[in-house]
Amino acid sequence: SLSNVEALPRGLLFWRASTHWLGGVGVVMFVLVVLPSMGSTKMRLSSVELSSMAKDNFRYRTQKILQILLVVYVGLTLVETVLLRMAGMSWFEAVCNSFSTIATGGFCTRNASIAAYGSLWIEMIVVFFMAVSGLHFGLIFATLTGKSNNIFRSEISRYYVLSLLFGGLIVSVSLWASDMYPTFASSMRYGFFQVVSVSSTTGFATADSSVWTPLAIMVLTLFTMQCACAGSTAGGIKCDRVLLAFKTIRAMMIRRQHPNAVIRVKLNGVIQEQSVVDMAMLFIVFYLMLLALGTIVVAAFGMDLETSFSMTASCMANAGTGFGKAGSMSNYHDFPGAIKYICTVFMLLGRLEIFGLLQLFVTNWWK
């Protein structure tokens, strides 16, 4: 809730950026190293937060995991840093903003976020790396090393990319049709940036989306809840569960028409066990219930409905940007302390996939 980050010394700005970059490394390590070492019982408890695609990468040995972190995480950071420097940023700002992009954390060195630079090239670079950082890091590594299990063959990755393109197009058309921006090209520039930003939970901004059309705000809110893929540093419900939910609904509709039919739900060509489907549906329901609870609690402090809902959704997804008083060009600095504590709790619940945090208070889990 810092109101003027540009007034901070460079040492604090670098520390601020490096903390969530290291936190992103921690998330990847947690998915690829910590959970597999917990044993079958705890893995069963934790399976609600991980898709089958993320679990596939548990076969990696420690050496392979280190290669993934070095080649993908560090490599993407270095490449983006060089490109941002070439696009006009100083080395210091290029490093800090690259840390923020790859970790999908969104801490910028400017008060106005990426909008402060006013550069189309910088925005295009950041959009690309935000979108890539929302993909499964194991699949990125497999793609770069020429493996068959890559991004292009992943059903979830295709859904993620297509949803970004479709959502960005809807927002762009809505902005252009309402004369929010003079040309369709400028509408695409700002529309696609904000869609990718909230979907990857990075939270960068190039415009005040709170004054956009109701359709654009609704689409951005949906992407704030869905977010990116499992196995990335993004939060939210994740594309894996959303796609699995769509497939489950389709299977249920077919069963209603053909009661004797045996319909298997597949993800990436693999038949999903009913327990996996049930756990994913449970997570989605619990996520939405907490979202409703958070909206009610924040609204009890006098916040309007748009601010209350979008703030809770943003905190659950760790996206940072909401609407109303919590808009992309606003700041949490002026909110009451009680609301900040509430938001902190919901950020922890979202970042630890709800059950990951709740399990800490279950005595049997430690046995």
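FYI, side chains are in, hydrogens and waters are out, and symmetry mates aren't considered; it's all heavy atoms of this structure.
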Atom [atom1] of [X] and atom [atom2] of [Y]: how far apart are they, to the nearest 0.5 Å?
{"X": "R250", "Y": "I254", "atom1": "CZ", "atom2": "CD1", "value": "4.0 Å"}
{"X": "T344", "Y": "Y332", "atom1": "OG1", "atom2": "OH", "value": "10.5 Å"}
{"X": "L349", "Y": "T312", "atom1": "CG", "atom2": "OG1", "value": "11.5 Å"}
{"X": "F309", "Y": "M225", "atom1": "CZ", "atom2": "CE", "value": "4.5 Å"}
{"X": "S199", "Y": "F192", "atom1": "OG", "atom2": "CZ", "value": "12.0 Å"}
{"X": "F346", "Y": "C315", "atom1": "CZ", "atom2": "SG", "value": "9.0 Å"}

Determine whether the aromatic ring centres of W212 and Y190 lie less than 6.0 Å apart.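 Not close enough - the centres of the two rings lie 6.0 Å or further apart.
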Could you check, using the six-membered ring where one of them is a Trp, whether H20 and F99 have ring centers closer than 6.0 angstrom?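 For H20 and F99, the ring centres are not under 6.0 Å apart.
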Measure the shortest side-chain to side-chain distance between [X] and [Y] over non-hydrogen atoms and say whether it is less than 4.5 angstrom.
{"X": "L83", "Y": "W121", "result": "no"}
{"X": "Q194", "Y": "V171", "result": "no"}
{"X": "S209", "Y": "T321", "result": "no"}
{"X": "L135", "Y": "S232", "result": "no"}
{"X": "W176", "Y": "M188", "result": "no"}
{"X": "F107", "Y": "L13", "result": "no"}
{"X": "I114", "Y": "Y117", "result": "yes"}

Salt bridge or not for R264 and E273, using N-O below 4.0 Å?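 No salt bridge links R264 with E273.
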Salt-bridge test for R110 and E93: reply yes if a basic N is under 4.0 Å from a carboxylate O, no otherwise.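 The answer is yes: the pair qualifies as a salt bridge.
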Only one of I156, L243, I151 forms a side chain to side chain contact (heavy atoms under 4.5 Å, CB included) with C229, so which one is it?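 Of the listed options, the one satisfying the test is I156.
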Against S133, only a single residue in T104, T202, V196, V72 fulfils side chain to side chain contact (heavy atoms under 4.5 Å, CB included); can you say which?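 Going through the options one by one, the only one that passes is T104.
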Quick one: does [X]'s side chain have a donor or acceptor within less than 3.5 Å of a partner on [Y]'s backbone?
{"X": "T19", "Y": "W15", "value": "yes"}
{"X": "S157", "Y": "S154", "value": "no"}
{"X": "N97", "Y": "A94", "value": "no"}

Closest heavy-atom pair and its distance - [X], [Y]:
{"X": "I125", "Y": "A87", "result": "CD1-CB, 3.8 Å"}
{"X": "A338", "Y": "F301", "result": "CB-CE2, 3.5 Å"}
{"X": "M303", "Y": "I339", "result": "CG-CD1, 3.8 Å"}

Check step by step if side chain to side chain contact (heavy atoms under 4.5 Å, CB included) holds for T109 and E6. CA-CA 6 Å; T109 53; E6 294 180 23; over 6 Å; no
Go through the steps to decide whether S174 and T213 satisfy the test side-chain hydrogen bond (donor to acceptor under 3.5 Å, both in side chains), and finish with yes or no. CA-CA 7 Å; S174 177; T213 64; 2.5 Å; yes
Could you tell me whether R158 sits above the aromatic face of F152, with NZ or CZ closer than 6.0 angstrom to the six-membered ring centre and within 45 degrees of the axis?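 No; the conditions do not both hold, so R158 does not lie above the ring face of F152.
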Please indicate whether [X] has more than 12 foreign heavy atoms, meaning atoms of other residues, nucleotides or ligands, lying under 6.0 Å from its [atom1].
{"X": "F184", "atom1": "CZ", "answer": "yes"}
{"X": "K247", "atom1": "NZ", "answer": "yes"}
{"X": "M124", "atom1": "CE", "answer": "no"}

May I have the step-by-step check of side-chain hydrogen bond (donor to acceptor under 3.5 Å, both in side chains) for T221 and T224, ending in yes or no? CA-CA 5 Å; T221 302; T224 302; 5.6 Å; no
Can you hop from I140 to V79 via hydrophobic side chains spaced under 4.5 Å?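 They do share one cluster, since a chain of ILVMFWY contacts under 4.5 Å joins I140 to V79.
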Membership question, hydrophobic clusters at under 4.5 Å side-chain separation (ILVMFWY): are M347 and L291 in the same one?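 L291 does not cluster with M347.
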Residues T307, D304; criterion side-chain hydrogen bond (donor to acceptor under 3.5 Å, both in side chains); working and verdict: CA-CA 5 Å; T307 300; D304 60 273; 2.8 Å; yes
Evaluation steps, side-chain hydrogen bond (donor to acceptor under 3.5 Å, both in side chains), between T101 and E80: CA-CA 9 Å; T101 305; E80 186 185 5; 3.0 Å; yes
